[in-house]
There are 2 protein chains.
Amino acid sequence: MAEETGETVRWGVQRRLEFIDFRLFWDGRFNRRDLAETFGISAQQASSDIAQYTALAPGNLAYDQTLKAYLRAPTYEPKLMHASAERYLLQLVAIENRWMRQEDTWFDNTPPIENVSLLRKRTDARILLHILDAINQRGQLEIQYRSITGSPEPRRVIAPHALFHAVGRWYVRAWSNEHSDFRDYNLFRIGQAGDIVTAAIDSTLDFEWMHKIDLILAPNPALSANQQAALEAEYGMTDGRLVVTQRLSQTFYLMTEHNFDVEPDTLPPGKQQLVLLNRDEVVNARATARKLSIDAVERASR
Amino acid sequence: MAEETGETVRWGVQRRLEFIDFRLFWDGRFNRRDLAETFGISAQQASSDIAQYTALAPGNLAYDQTLKAYLRAPTYEPKLMHASAERYLLQLVAIENRWMRQEDTWFDNTPPIENVSLLRKRTDARILLHILDAINQRGQLEIQYRSITGSPEPRRVIAPHALFHAVGRWYVRAWSNEHSDFRDYNLFRIGQAGDIVTAAIDSTLDFEWMHKIDLILAPNPALSANQQAALEAEYGMTDGRLVVTQRLSQTFYLMTEHNFDVEPDTLPPGKQQLVLLNRDEVVNARATARKLSIDAVERASR
DNA sequence: CCAGACCAGTCAAGAAACACGATGGGATAT
DNA sequence: ATATCCCATCGTGTTTCTTGACTGGTCTGG
């Protein structure tokens with residue numbers, strides 16, 4: 001698959017040509033040595049790869065004999081890579097947080113970056129793995145959970161069916177045997193995960209998850225006209241409105257994150273830059289879906 | 001370099017063996033066909049790779065003739081990959097947000113995941129590139145900036161020296177010619193970036209960036225004892241205290257994110273789970289560093 | 001100023017990796 | 001029973017690399 005470029009370039013060669021493009025794009029320079037060392041090939045082979053890249057994109061690079069490196073030419077155009085700023089930044093965060101090693105990436109010198117966060121704990125990959133297996137097999141498993149409410153019994157049986165990311169944290173959407181409804185479990189609070197057995201629950205009955213609703217958002221009218229205009233531009237609003245479609249259960253996190261759940265005028269408007277115009281509708285829909293879901297499961301299990 | 005494993009395995013072969021390990025770990029299954037297609041090799045070669053992997057880690061996989069796939073064996077142990085839950089999740093987010101294409105990863109069927117956020121705008125990679133070049137060359141450049149204060153003049157000249165991620169957004173730390181001090185610029189609000197010229201500013205004079213301070217955090221005493229204990233566990237506190245060292249300029253974002261900048265008792269304690277014990281010290285240190293920095297630049301430029 | 005280190009490029013020969021063609025076995029579907 | 005789809009394995013040729021040998025340019029230190 002994939003290699004539509006060129007006729008029949010081997011996978012490894014294609015990667016090396018992409019490496020050249022990557023380095024030219026982001027670093028603006030690379031060495032024959034860089035190529036040879038990151039891929040474990042001989043200098044001669046690296047030379048031939050560089051020649052091949054030059055044939056592909058003649059105006060992209062120039063050798064600087066003083067710096068002893070190939071430099072990005074002014075006429076450079078990305079040829080083989082799909083440059084995404086977000087992907088680049090994401091990899092930098094991953095390196096900074098020790099989630100990846102620099103050798104696993106193509107970075108040479110990473111720019112000075114910082115990640116501002118209080119949470120630096122690592123999740124055990126095996127726990128995530130157990131959750132993923134359970135999702136794939138539609139099974140249930142016992143977990144040890146450090147609940148925020150400090151419930152005395154840390155062991156629960158859940159049947160997970162999805163993962164999601166909200167406000168910087170990862171959650172598992174799952175059926176809870178103990179509570180007889182669908183709940184969110186913070187992935188980082190799961191201490192242990194047991195074996196997977198088949199579950200009886202049908203995840204399509206999780207109406208709070210399955211159903212979506214439109215959140216209608218606007219800049220906080222207490223802000224100055226200039227600030228409101230800036231927010232409209234930042235969120236890409238049309239006519240001063242932003243409509244975001246979200247799963248019902250996830251509206252909770254957006255409301256928390258953006259302080260939609262705080263009464264107006266209790267916070268300075270700078271901390272409540274957006275307002276949720278249909279807040280009552282959203283809250284009611286969520287509550288209704290929750291109730292309907294519980295009833296539906298009840299009926300299904302009879 | 002990397003290839004310390006084995007004696008002299010070629011880079012491409014090593015990747016393919018890692019692919020097998022990756023799929024076994026996360027998906028629990030893979031095909032000869034998967035291997036052949038993602039790497040553009042023949043079925044025969046894929047067979048030989050599988051044989052090589054099996055020789056390396058005999059207890060890791062078993063062929064299921066009914067499913068026509070290799071399955072993760074119960075005795076599986078990761079051999080070639082460095083499993084990181086965070087890295088895996090990060091890649092899923094990147095795919096979901098269209099920052100990466102699924103073909104660029106080794107995922108087969110991605111599990112059902114969601115990313116809850118209002119901001120879905122893409123940054124232009126070329127703008128980030130200009131900023132990075134300026135950082136590397138210690139240069140300055142003109143940008144077009146959509147300020148939140150709605151300043152009428154959208155063009156500014158900045159000399160950036162670092163990037164950072166805070167509260168879900170990316171910022172550039174830079175010297176501002178117009179304001180004659182160091183400021184943070186939201187990367188997503190930069191509309192255009194001009195050519196880079198050498199800058200006169202010395203970024204080590206950015207004291208708010210260079211100096212760090214300890215934030216002393218504790219669970220909000222208004223919460224129940226159970227809840228406080230859960231927070232202590234989640235943030236890994238010792239003796240009910242969490243000490244986080246941060247750059248002065250970045251304390252602002254942590255204070256915003258965790259509502260340390262809101263007076264106690266205005267918010268329900270659930271929205272202010274942590275309190276900053278040395279808040280006055282932090283705020284004062286930030287203001288002092290800012291003033292000292294401006295003075296130092298003043299002296300240096302005379 | 002010139003030797004030595006380091007960067008690069010090239011040519012030729014041999015080894016390794018890989019593709020292609022062919023053959024065979026087991027499981028499932030028609 | 002035949003077809004199909006997995007997988008494995010054995011030759012044989014081809015492509016891709018490596019190894020070795022030689023050449024040229026730029027910078028550094030004695």
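Protein chains get the first letters and strands the later ones, always in sequence-line order, with residue 1 at the start of each.
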Subject >> Test item: A:F207 and A:F182 side chains (from C-beta on) under 4.5 Å apart, heavy atoms >> reply: no
Subject >> Rounded interatomic separation in angstrom, taking CD from A:Q44 and P from C:dG14 >> reply: 17 Å
Subject >> Spacing of A:R32 atom CZ relative to C:dA8 atom P, expressed in whole Å >> reply: 5 Å
Original post:
Between D:dT18 atom P and A:Q45 atom CD, what is the distance in whole Å?
Top reply: 6 Å
Subject >> Contact under 4.0 Å: B:N31 side-chain N or O vs D:dC5 OP1/OP2 >> reply: no
Subject >> d(CG, A:D64; C1', D:dC27) in whole Å >> reply: 13 Å
Original post:
Among side-chain atoms of B:D21 and B:Y76, is any donor-acceptor pair under 3.5 angstrom?
Top reply: yes
Subject >> salt bridge (Lys or Arg N to Asp or Glu O under 4.0 Å) assessment of A:D133 paired with B:R72 >> reply: CA-CA 11 Å; A:D133 280 350; B:R72 185 204 307 139; 2.8 Å; yes
Subject >> Along DNA chain D (nearest heavy atom to each residue), the more 5'-positioned of A:S42 and B:A43 >> reply: B:A43
Original post:
Nearest nucleotide by nearest heavy atom, which residue falls closer to the 5' end of DNA chain C, A:S48 or B:Q65?
Top reply: A:S48
Original post:
Under 4.0 Å between a side-chain N/O of B:R16 and OP1 or OP2 of C:dC18, yes or no?
Top reply: yes
Original post:
Whole-Å distance between D:dC7 P and B:E37 CD?
Top reply: 11 Å
Original post:
Would one find more than 12 heavy atoms of other residues, nucleotides or ligands at under 6.0 Å from atom CG of A:D181?
Top reply: yes
Subject >> Rounded distance in Å - CH2 (A:W11) to P (D:dC17) >> reply: 12 Å
Subject >> Protein-nucleotide distance (A:Q52, atom CD; D:dT15, atom C1'), rounded to Å >> reply: 12 Å
Original post:
Start at the 5' end of DNA chain C and walk down; is the nucleotide closest to A:A51 or to A:K68 reached first?
Top reply: A:K68
**OP:** Using the side chain to side chain donor-acceptor pair (under 3.5 Å) rule, pick out the option among B:R247, B:R183, B:H211, B:R173 that qualifies with B:D206.
**Re:** B:R173
**OP:** Would you kindly compare B:S47 and A:A46 by the position of their nearest DNA chain D nucleotide and give the one closer to the 5′ end?
**Re:** B:S47
Subject >> Listed nucleotide nearest any side-chain atom of B:Y63, set D:dC7, D:dC17, C:dG9 >> reply: D:dC7
Subject >> Distance in angstrom units between A:F39 CZ and D:dT16 P, rounded >> reply: 17 Å
**OP:** Output yes when at least one side-chain N/O atom of B:R10 is less than 4.0 Å from OP1 or OP2 of C:dA16, else no.
**Re:** no
